[in-house]
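What follows is a short report on a single structure.
Computed from heavy atoms alone, side chains included, the values below leave out hydrogens, waters and symmetry copies. Naming convention: chains lettered A, B, ... in sequence-line order (proteins, then strands); numbering from 1 in each chain. The structure displayed is predicted, hence computed values, not measured ones.
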Amino acid sequence: MPPEYIPTEIEKKWQERWAADHLYEVEESDPRPKWYALTMFPYTSGDLHIGHWYAMAPSDVHARFKRMQGYKVLHPMGFDAFGLPAENAAIKRGIQPRKWTMDNVENMRRQLKSIGAVYDWRREAITCVPEYYRWTQWLFLQLYKGGLAYRAKAPANWCPSCQTVLANEQVKDGQCERCDTPVTHRDLEQWFLRITNYAEELLRHDGIEWPERIKIMQRNWIGRSEGAELSFDISHLGLPEKDLRVFTTRPDTVYGVTFMVLAPEHPLVPALTAPQRRAEVEAYVESARRETEIQRLSTEREKTGVALGTEAVVPFNGRRVPLLIADYVLLGYGTGVVMGVPAHDQRDFDFAKKYGLPIPIVIAPPDWNGKDLTEAYVAEGTMVNSGPFEGTPSEQGKAAVAEYAQQKGWGGPKVSYRLRDWLISRQRYWGAPIPIVYCPHCGTVPVPETELPVLLPDEAEFKPTGESPLKYVQGFVSTRCPQCGHPAQRETDTMDTFICSSWYFLRYTSPGYDKGAWDPERMHHWMPVDQYTGGAEHATMHLLYARFFTKALRDLGLVSCDEPFLRLFNQGTIVLGHHKMSKSRGNVVTPDVYVGEHGADAVRMYLMFLGPWEHGGEWNDAGLNGVVRWLNRVWRLALEDSSVLGSVVSSEEARRALLRVTHQTIRRVTQDLETFQFNTMVAALMEFTNYLGQVWQDRTADKELWHFARDTLLLLLAPSTPHLAEELWVRTGHTYSIHSQPFPTWDDTLAAEEQITLVIQVNGRLRDRVTVPASIPEARAKELALSQEKVQPHVAGKQVEKVVYVPGRLVNIVVR
RNA sequence: GCCCGGGUGGCGGAAUCGGCAGACGCGACGGACUUAAAAUCCGUUCCCCGGUGAGGGGGUGUGGGUUCGAGACCCACCCCGGGCACCA
C-alpha cells in the first residue's frame with residue numbers, strides 16, 4: 001500500500017525546507033537572464049480572501065514556470081499599507097492605525113506564505129514604514145524641484161464621507177471610488193503633480209504588450225482632442241483681460257457663434273457681471289457649487305444658466321454676443337469658457353432654444369433647403385455665412401479657420417486633453433506627510449532631504465473634521481523654517497496612497513537600500529518589470545500613475561526605462577453574490593479553510609481550472625472535489641511500484657504512442673503557460689494523467705519509458721502544485737529539488753500524429769469517419785471517401801459536383 | 001448616447017487559420033466493491049424521432065447573408081459585463 005497523500009503535512013515540510021535553503025532568493029550576480037514577475041501588492045485590509053489567491057496563485061505558477069525555463073526570477077511581495085480603513089478602525093475600535101496595519105501585515109504575510117509561492121521575502125516592501133515613506137517623500141521633493149509638483153487653489157472633488165479631496169481618477173460616476181458617496185466640491189489649496197505634461201507620451205503605449213482594452217481606457221481617460229483656441233474680444237469692458245479664450249474642436253463653426261458660456265466658478269465671472277445682474281448671478285453660482293457631481297453631470301437634466309449682462313465680440317464677423325454662465329460648462333476642461341454655436345452643437349441648440357438666442361446656420365447640410373433646423377446639425381457640410389470661408393467644406397474649414405485665426409492674432413490650432421493634473425493632497429492622517437514647511441518669511445519651503453523622513457506622529461485625534469488630523473498635533477505642525485530658522489508650520493495634508501504604489505516596484509529591486517530610494521545599478525538590472533499582473537480596475541489609476549512616475553523620474557535622471565511594465569495581464573475578479581469580495585461588504589471567502597482541508601496545491605490548481613483567468617466569476621467551491629480527486633490519482637499513480645514493469649517489453653506502437661502523448665502534453669502545457677491559459681493547461685494535465693492511468697493498467701510501457709512519462713508529469717505539475725511535485729519527485733528517487741530542474745521541452749517530430757481521423761461529409765453533413773495515415777495523399781483520401789459504405793445512400797443517384805479535400809481533416813463530397 | 005468585451009448542455013467551461021460542437025471537470029443517473037457507508041473503480045449523461053437497436057433530424061442569444069462547409073466571417077437586432085459620458 002502506498003502512503004496516503006496528506007497535503008498539509010508535506011506543504012508545511014517543503015515550505016520550511018525551501019525557506020531554510022533560501023531556494024527562492026535571487027541575486028543580481030546570478031548569470032542567468034533576469035525575469036521580473038510582479039503581482040499587484042495587496043492592501044492591508046486584514047485577511048487574504050479567495051480573490052487575492054486568484055490574483056496571486058496563477059501568477060506564481062507563471063513565475064515558477066519562468067524559473068524552470070532558466071530565468072532568475074524576481075517575484076517580490078509587499079503591502080500597500082497607508083490608507084483610510086486604518087483610520088476608520090482607529091475611530092471605530094480605538095486601535096492605533098499603525099498597530100491595526102502592522103497586525104494585518106503579520107496575518108496576511110502568514111496567509112501569503114501558505115500559498116507556497118516563490119516570493120523572496122527579503123525584498124518585502126511595506127509602504128507605511130518610515131524606511132519606505134522616507135523615499136516616497138524624497139521622490140515628492142525631486143518632483144517638486146523638477147517643477148512637477150505645485151500647489152494651487154482649485155475647486156476639488158470632495159468626499160463628504162471620507163472627509164477628504166479626491167483625484168479625478170478616484171471619482172466614478174460622480175461617486176467616491178472607495179465608498180460610493182456622491183462627491184461635492186470644495187475650493188482648497190492643494191498639491192498637484194503635473195501628469196498633464198506627459199499626456200502626449202502617456203497616450204503612446206510603444207514597446208509594451210498590454211491588453212488593448214486597457215490601452216483604450218487610458219486613451220479615453222487622457223482624451224486628446226484636436227481643435228483651436230480662439231479669442232473673443234472683451235476690451236470694451238475695461239478689464240485687465242482684453243479677451244476671452246475658448247477651446248473648440250469646431251473652429252469651422254465660429255461664424256455661427258451667438259453667445260458665450262463660462263463655467264460658474266470661472267474666476268472672471270465677478271468682473272464680467274453687470275451690476276444689475278449681480279444678485280441673480282451670485283445665486284446661480286452658489287447653487288451650482290452646492291450640487292453634487294452626479295446632479296451636475298446628468299445629461300438628462302434641462303440646461304440652465306444666467307446672463308451676465310455683458311457682451312463679447314466675435315473677431316471674425318464683429319458680432320456682439322451675450323456672455324452667460326451655465327453649469328454644463330466645466331472649469332477644468334479647456335479654458336472653462338465655450339463658444340455657443342447653437343446650429344451645430346446639440347447642447348448649445350437646447351440652450352439657445354430655451355433662452356431665445358438666434359440659431360444661424362453656418363454649415364450647410366448637403367441637401368439643405370434653407371429651412372430652420374429642428375435639432376443641431378453636427379455632421380460635415382459646406383461653410384456658409386462664413387466670410388472668406390464661404391463654400392469651404394467644413395472638414396477643411398477646421399484647419400483653415402485655425403490657421404486664419406493664428407495669422408490675425410485671434411488664437412490658433414490647439415490640442416486639448418481631458419486629463420487633469422493629479423491632485424495628491426489628502427486631509428487624512430494615515431499617509432505619508434507632504435514634506436513641506438510654510439514660513440511666514442520664506443514662503444513654501446521643501447524639507448531638506450537630510451531631514452527626511454518627516455515622521456508621522458503616533459498620537460493624533462481622528463475626529464472627521466474635514467481637515468487633516470495632523471493639524472491638531474502641535475508637536476508636528478510647529479517647526480522651524482529650514483531656510484531662515486524662524487518658527488514655521490508644516491504642511492498637514494498627507495499624500496494620496498497611489499503615490500506609494502507608483503514606485504514600489506522600484507523599491508523591490510534594492511530593499512533596505514538607505515542611500516536613496518533604490519540602488520541605481522540594481523534598479524537598472526531588474527527594471528523594467530517583465531510581467532505585471534493585476535486587476536483591470538486600475539487602468540486609469542495605478543497603471544496610469546505608475547507610468548507617469550516612471551517617465552517623470554526618467555526625465556529627472558532617476559530611472560533608466562520609459563515604461564515600468566513591459567507585459568500586462570489582467571486577471572478577472574472573483575465575486576460573491578455579484579459583488580467583488582471586500583471586508584467592508586462582508587462577503588469574503590477565506591482560503592484558509594480549503595487550504596487546511598485539501599492543501600494549497602489543490603486550491604491553486606482549482607483556481608486555475610475555474611475558467612479563463614481573465615474572466616474571474618462567481619465563487620463556487622463545488623468543483624474543488626474534482627481537483628482533489630485528480631491530485632490523489634496523481635499521487636497514487638506516481639507511487640505505483642514500477643518494478644512490476646521489469647518484464648514488460650513494450651510494443652513499438654505503444655512506445656511511440658506514449659512518447660507522442662507525452663510530447664504533445666509538454667507542448668500544450670508550455671504554450672498554455674506562456675499565454676496564461678491555465679484552465680486548458682490543467683485539462684491537458686488531467687488528460688495526460690488519465691492516459692497514464694490506462695497505460696499503467698494495461699502494462700504497455702516498459703520501466704524506462706514509464707519513468708520518463710511519470711517524471712514528465714511531475715515536472716509539468718511543478719509550477720502549479722509545487723509541494724506535491726516536490727514530494728513525489730523525492731519519493732520517486734530523484735534528488736531535491738524539482739524546482740531546480742529545467743522545464744521539459746518537446747520534440748515536434750515525436751509529438752506528430754501518425755494517424756488521423758478523416759471526416760467524410762456529403763454536402764457538409766457528417767456521414768462517416770475513417771482512421772487513415774496522416775500522410776494520406778489527396779487522391780487516395782477522396783477515393784476512400786467515395787467508397788465508404790455509409791456514404792453510398794447519400795450519393796446514390798446523384799451527381800457528384802465536386803470533392804473538397806482539407807488535408808489532415810476531411811473530405812466533403814458535394815452532390816446535386 | 002459612444003467605445004470595448006461577451007452570450008455554447010443542469011453548472012464551470014473547451015473547440016488552432018472557416019472543417020467531427022460540447023474536450024476537461026462538476027453535478028446527476030446506473031453498476032462493481034462493501035454487512036453498510038465513505039473512498040475508489042466502470043458505464044451513461046445536448047434535445048427530438050426511432051424500440052433502449054441500426055439509423056435519421058435539430059442544435060452554440062434572435063433574424064437574415066456569404067460559403068462545399070459557420071460557434072467562429074458579414075449585416076440588423078436582443079441581452080449581460082466593463083469603460084467613457086454636457087469634454088466644448
A:Phe609 side chain: which of B:C41, B:G82, B:G12 is closest?
B:G12
When rounded to whole Å, the CD to C1' distance for the pair A:Glu265 and B:C86 reads 14 Å
Taking only the P atom of each, what is the distance from B:A14 to B:G69 in whole angstrom?
28 Å
Counting only side-chain N and O atoms of A:Arg765, is one of them less than 4.0 Å from OP1 or OP2 of B:G58?
yes
Atom CG of A:Asp672 to atom P of B:A15: distance rounded to whole Å?
8 Å
Can you tell me if A:Ser225 touches the phosphate of B:A88, counting only side-chain N or O atoms and a distance under 4.0 Å to OP1 or OP2?
yes
Of all the choices, B:C41, B:C87, B:G19, which nucleotide is nearest to the side chain of A:Gln761 once you look at every atom?
B:G19
What is the glycosidic conformation of B:G63: syn, defined as within 90° of 0, or anti?
anti
Without swapping roles, check the side chain of A:Trp635 against the backbone of A:Pro3 for a donor-acceptor pair under 3.5 Å.
yes
OP1 or OP2 of B:A15 versus the side-chain N and O atoms of A:Arg668: is any pair under 4.0 Å?
no
A:Lys172, nearest nucleotide to its side chain (from B:C86, B:G25, B:C84):
B:C84
Which label fits A:Phe316 and A:Trp410: parallel for a plane angle under 30°, tilted from 30 to 60°, or perpendicular past 60°?
perpendicular
Touch check for A:Lys790, heavy atoms < 4.0 angstrom, all strands: base, sugar-phosphate only, or nothing?
sugar-phosphate
Atom C1', compared across B:C24 and B:C68: separation rounded to whole Å:
32 Å
Please confirm whether any donor atom in the side chain of A:Asn220 sits under 3.5 Å from an acceptor in the base of B:C84, or the reverse.
no
Side-chain N,O (A:Arg629) to OP1/OP2 (B:C41) below 4.0 Å:
no
How is A:Asn690 classified with respect to the nucleic acid when contacts are heavy atoms under 4.0 Å: base, sugar-phosphate, or nothing?
sugar-phosphate
Looking at A:Arg809, does any N or O in its side chain come under 4.0 Å of the phosphate oxygens OP1/OP2 on B:G69?
no
Between A:Lys353 and A:Glu375, is the closest basic N to carboxylate O distance under 4.0 Å?
no
When you check the phosphate oxygens OP1 and OP2 of B:G56, does a side-chain N or O of A:Arg767 lie under 4.0 Å from one of them?
yes
How do A:Thr757 and A:Gln677 order along RNA chain B: which one's closest nucleotide is nearer the 5' end?
A:Gln677
